[in-house]
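Below is one structure, written out as structure tokens; the observations come after it.
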Amino acid sequence: MNENVIEIKNLYVKLRDMVVLEDINLSVKRNDFLGIIGPNGGGKTTLLKTMLGIIKPYKGDIKIMGETPEKGREYIGYVPQYVFFDMKFPITVWEVVLTGRLNRTKYFKNYSKEDKEISEAALKQVEMEKYKNKKIGELSGGERQRVFVARALVSQPQILLLDEPMANVDSPREKEFYELLKKLKEQEKMTIILVSHDIGIISAYVDKIACINRKLYFHDSKEIKMDELMAVYGCPVDMIAHGIPHRVLKEHD
């Protein structure tokens, strides 16, 4: 059985006739926890949307569980950077999570007993079951993110993609959220890909880090050459993990 759940080869993506991803090559194994870092506008979100089949590549090949992105997206749970909704709209946590089952439910049919059982289990996984009947607009940013993860989990994905999940979350809640992702990886054997600007904190949780700024720099580990970080960010970047400098490789043969 192929260990790779995502395989990307020589991928190019154009937006408005401009190349935004250039010659991307990446393999992600089953049960990997991959962090993707890079500057704003570097192509991080574009890469995730290409994996989902939302954006079509200009050339190159991408496979999700051996399938095209359009077919492979059924294996993916996605938590976007921004979830737009009216904070005053009276929708409950329970109703939000159930919407994640829409792709599994026949149109014009009520949610099944199975849909409800899976949604209950997802809320327990993210420790939000006691907020089930609360309005989504009444939650804190960190609590809402847990609900959106639960909504992604009810499709029973093998791969979880998260785009800047901490963008609207207070710092004290960040560690709790990353601990939740770590638990999902370990207990559910889930492959997780997390896009973030926070190099320091994610290096404490992920197995591997990729840097992207139009081009991708990846060595199948958390070890990154300093010159590659400089190429991505345009200036030196110190990686911090557990309060000490993270290992960054110097130039070597």
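- Closest approach of Ala152 to Ser155, counting heavy atoms only: O-OG, 3.0 Å.
- Within the 4.5 Å cutoff, side-chain heavy atoms of Tyr78 are placed close to those of Lys49.
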For Lys208 and Phe33: C-alpha separation, side-chain torsions, deciding distance, then whether side-chain contact (heavy atoms from CB on, under 4.5 Å) applies. CA-CA 7 Å; Lys208 302 168 183 180; Phe33 192 164; over 6 Å; no
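- A distance of 6.0 Å separates CG in Leu162 from CG in Leu194, rounded to the nearest 0.5 Å.
- For the salt bridge (charged side-chain N to carboxylate O under 4.0 Å, His left out) test, residues two or more places apart in sequence or in another chain that qualify with Asp61 are Lys63.
- The shortest side-chain heavy-atom distance between Glu127 and Arg146 falls under the 4.5 Å cut-off.
- Listed by chain and residue number, Glu70 satisfy the side-chain hydrogen bond (donor to acceptor under 3.5 Å, both in side chains) test with Lys56 (two or more places apart in sequence, or in another chain).
- Contact check for Asn25 versus Leu11: no side-chain heavy atoms found under the 4.5 Å cut-off.
- Distance check: Ile8 CD1 to Phe218 CZ gives 10.0 Å after rounding to the nearest 0.5 Å.
- Within 6.0 Å of NZ on Lys132 lie more than 12 heavy atoms contributed by other residues, nucleotides or ligands.
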Just do the side-chain contact (heavy atoms from CB on, under 4.5 Å) check on Ile62 and Glu7 with the steps written out, would you? CA-CA 6 Å; Ile62 180 166; Glu7 293 184 294; over 6 Å; no
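- At most 12 non-hydrogen atoms from other residues, nucleotides or ligands lie less than 6.0 angstrom from NZ of Lys71.
- Between Met51 and Pro69 there is no side-chain heavy-atom pair separated by less than 4.5 Å.
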Residue pair Ser196, Tyr205: steps toward the side-chain contact (heavy atoms from CB on, under 4.5 Å) verdict: CA-CA 12 Å; Ser196 178; Tyr205 291 95; over 6 Å; no
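- Salt bridge absent: Asp32 and Lys185 never bring a charged side-chain N and a carboxylate O closer than 4.0 Å.
- The distance from the CD1 atom of Ile192 to the NZ atom of Lys182 is 11.5 Å, given to the nearest 0.5 Å.
- In this structure, Glu179 does not pair ionically with Lys183, as no charged nitrogen and carboxylate oxygen lie closer than 4.0 Å.
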Test side-chain contact (heavy atoms from CB on, under 4.5 Å) on Ile212 and Leu21 and set out the steps. CA-CA 9 Å; Ile212 190 167; Leu21 293 177; 3.5 Å; yes
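- In this structure, CG in Asn213 is found 11.0 Å from CD in Glu22, a value given to the nearest 0.5 Å.
- Evaluation of the side-chain hydrogen bond (donor to acceptor under 3.5 Å, both in side chains) rule for Glu188 yields Gln125 as partners, not counting sequence neighbours.
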Please table the atom pairs, donor to acceptor, closer than 3.5 Å between any side-chain atom in residues 34-48 and protein atoms at least two apart or in another chain.
unit_1: Asn40; atom_1: OD1; unit_2: His197; atom_2: NE2; d: 2.9
unit_1: Lys44; atom_1: NZ; unit_2: Gly38; atom_2: O; d: 3.0
unit_1: Lys44; atom_1: NZ; unit_2: Pro39; atom_2: O; d: 3.0
unit_1: Thr45; atom_1: OG1; unit_2: Asp163; atom_2: OD1; d: 3.3
unit_1: Thr45; atom_1: OG1; unit_2: Asp163; atom_2: OD2; d: 2.7

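- Ile76 has its side chain within reach of Ile64: a pair of non-hydrogen atoms, C-beta onward, lies under 4.5 Å apart.
- Cluster partners of Tyr12, by chain and number: Val19, Tyr58. The rule joins Ile, Leu, Val, Met, Phe, Trp and Tyr whenever side-chain heavy atoms lie under 4.5 Å apart.
- The structure places CD of Gln156 at 12.0 Å from CD of Glu74, a figure rounded to the nearest 0.5 Å.
- Taking all atoms of both residues into account, the shortest heavy-atom contact from Ile24 to Arg214 is CD1-O, 3.5 Å.
- No side-chain heavy atom of Leu98 sits less than 4.5 Å from a side-chain heavy atom of Glu95.
- Residues Leu180 and Val126 form a side-chain contact, since some pair of their non-hydrogen atoms from C-beta on lies under 4.5 Å apart.
- One finds the OG1 atom of Thr191 at 7.0 Å from the CD1 atom of Ile6 (value rounded to the nearest 0.5 Å).
- Looking only at side-chain heavy atoms (C-beta outward), Tyr131 and Glu138 stay at 4.5 Å or farther from each other.
- A search for side-chain hydrogen bond (donor to acceptor under 3.5 Å, both in side chains) contacts involving Glu129 returns nothing, not counting sequence neighbours.
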